[in-house]
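These values consider heavy atoms only, across backbone and side chains, with no hydrogens, waters or symmetry-generated copies.
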Amino acid sequence: LPPGPWTVIAGGRPIETPSDDPGLLYQNVLVALDRATLREHWRFQTGGAVYSTPAVADGIVYFGSADKKTYAVRFDNGAFEWAFPTRDVVSVTPTVGRDTVFVASEDKQLYALDKDTGILRWAYAAGNPIVAAPVLDDNTLYVSNANGVLTALDAVTGDVRWKFATGRAITAPVTVV
């Protein structure tokens, strides 16, 4: 396919994708498209708009919603697996590790969830909104916030390893080299 966005048929009407990924379309529902035909394969309805870009791992799609929840649905058919409630909108792409999904909410919290069940393992209070996806490198999770603080957390326990204040908002995921 050429670079997107594309016009696709979903729910019997044409819609322009807001992304260059033809496999997923993000609106008030999450819609999976057939890559060959760009026709709807399945849809999953949430209680609010879907702002976060989905993350896909091991046959599961993880994404957040304006209904203050993070969802896990099956990639092949959109079947519900679990949902985890937060106290505010989830608009940042989840980060998926080996057995944990890391979710940033606009409630200024980072949640570490069991990848299979959605059960909370630990939470970290960032103090300010997290507006970029956390970055996982080995067992260190890098989390930035809108106040310009970059924090390195132990990905297993959530313990703070170190913090660095940049003085400016960090609005994109960090790069680990």
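With Glu81 as reference, Ile60 is the one residue of Thr117, Val73, Ile60, Val61 to meet the side chain to side chain contact (heavy atoms under 4.5 Å, CB included) rule.
Between Gly158 and Leu153, the shortest heavy-atom distance links the atoms O-CD2, 3.6 Å. Here the closest non-hydrogen pair linking Thr93 and Ala55 is CG2-CB, 4.3 Å. Across all their heavy atoms, Thr70 and Val90 have their closest contact at OG1-CG1, 3.6 Å. For the pair Gly118 and Leu113, the tightest heavy-atom approach, listed with the atom from each and the gap, is O-CD2, 3.9 Å. Of all heavy-atom pairs between Gly64 and Val50, the closest is O-CG1, 3.6 Å. Contact between Thr95 and Pro134 at its shortest, heavy atoms only, is OG1-O, 2.5 Å.
Taking the salt bridge (charged side-chain N to carboxylate O under 4.0 Å, His left out) definition, one finds that Asp114 meets it with Arg121, sequence neighbours left out. Considering only residues two or more places apart in sequence or on other chains, Asp154 meets the salt bridge (charged side-chain N to carboxylate O under 4.0 Å, His left out) condition with Arg161.
Atoms CG and CZ, on Leu33 and Arg43 in that order, are 9.5 Å from each other to the nearest 0.5 Å. With rounding to the nearest 0.5 angstrom, the CH2 atom of Trp162 is 6.0 Å from the OH atom of Tyr142. Atom CG of Leu30 and atom OG of Ser52 lie 8.5 Å apart (nearest 0.5 Å). One distance of note links CH2 of Trp82 with NZ of Lys69; it measures 12.5 Å at 0.5 Å rounding. Distance CG/Asn147 to OG1/Thr166: 8.5 Å, rounded to 0.5 Å. Atom NE2 of His41 sits about 6.5 Å away from atom CG of Asp76, to the nearest 0.5 Å.
Not less than 6.0 angstrom separates the ring centroid of Tyr111 from the ring centroid of Phe102.
Judged purely by distance below 3.5 Å, without hydrogens or angles, the side chains of Asp138 and Thr140 never pair a donor atom with an acceptor atom. Judged purely by distance below 3.5 Å, without hydrogens or angles, the side chains of Ser91 and Glu106 pair a donor atom with an acceptor atom.
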Next item on the list: Please test Leu141 against Leu110 for side-chain contact (heavy atoms from CB on, under 4.5 Å), starting from the C-alpha separation and ending with a verdict.
Entry: CA-CA 11 Å; Leu141 187 70; Leu110 177 80; 3.3 Å; yes

Note to self: Does Val89 form a side-chain contact (heavy atoms from CB on, under 4.5 Å) with Tyr51? I'd like the steps, not just the answer.
What the structure shows: CA-CA 9 Å; Val89 173; Tyr51 297 124; 4.1 Å; yes

Check: Between Val29 and Phe44, is a side-chain contact (heavy atoms from CB on, under 4.5 Å) present by the stated rule, with each step listed?
Finding: CA-CA 6 Å; Val29 295; Phe44 184 84; over 6 Å; no

Check: Under the side-chain contact (heavy atoms from CB on, under 4.5 Å) criterion, do Thr53 and Phe63 qualify, and how do the steps go?
Finding: CA-CA 7 Å; Thr53 301; Phe63 65 98; over 6 Å; no

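Judged by distance alone, the side chain of Trp122 and the main-chain N or O of Asp159 form no donor-acceptor pair under 3.5 Å. Of the possible donor and acceptor atoms, one in the side chain of Asn77 sits under 3.5 Å from a partner among the backbone N and O of Ala79. With hydrogens and angles disregarded, a donor-acceptor distance shorter than 3.5 Å links the side chain of Ser65 to the backbone of Ala49. A donor-acceptor pair is defined here as one N or O able to donate and one able to accept, closer than 3.5 Å; no such pair exists between the side chain of Asn145 and the backbone of Ile130.
Under a hydrophobic clustering in which Ile, Leu, Val, Met, Phe, Trp and Tyr are joined whenever their side-chain heavy atoms come within less than 4.5 Å, directly or via other members, Val135 and Val92 fall into different clusters. Connection of Val176 to Leu150 is established within a shared hydrophobic cluster, with ILVMFWY side chains joined at heavy-atom distances below 4.5 Å, either directly or through further cluster members. Both Val103 and Leu120 are part of a single hydrophobic cluster, where members link through side-chain heavy atoms under 4.5 Å apart.
Ring pair Tyr71/Phe80 is perpendicular by interplanar angle, where above 60° counts as perpendicular and below 30° as parallel.
Salt bridge Asp58/Lys115: present, at least one basic N to carboxylate O contact under 4.0 Å.
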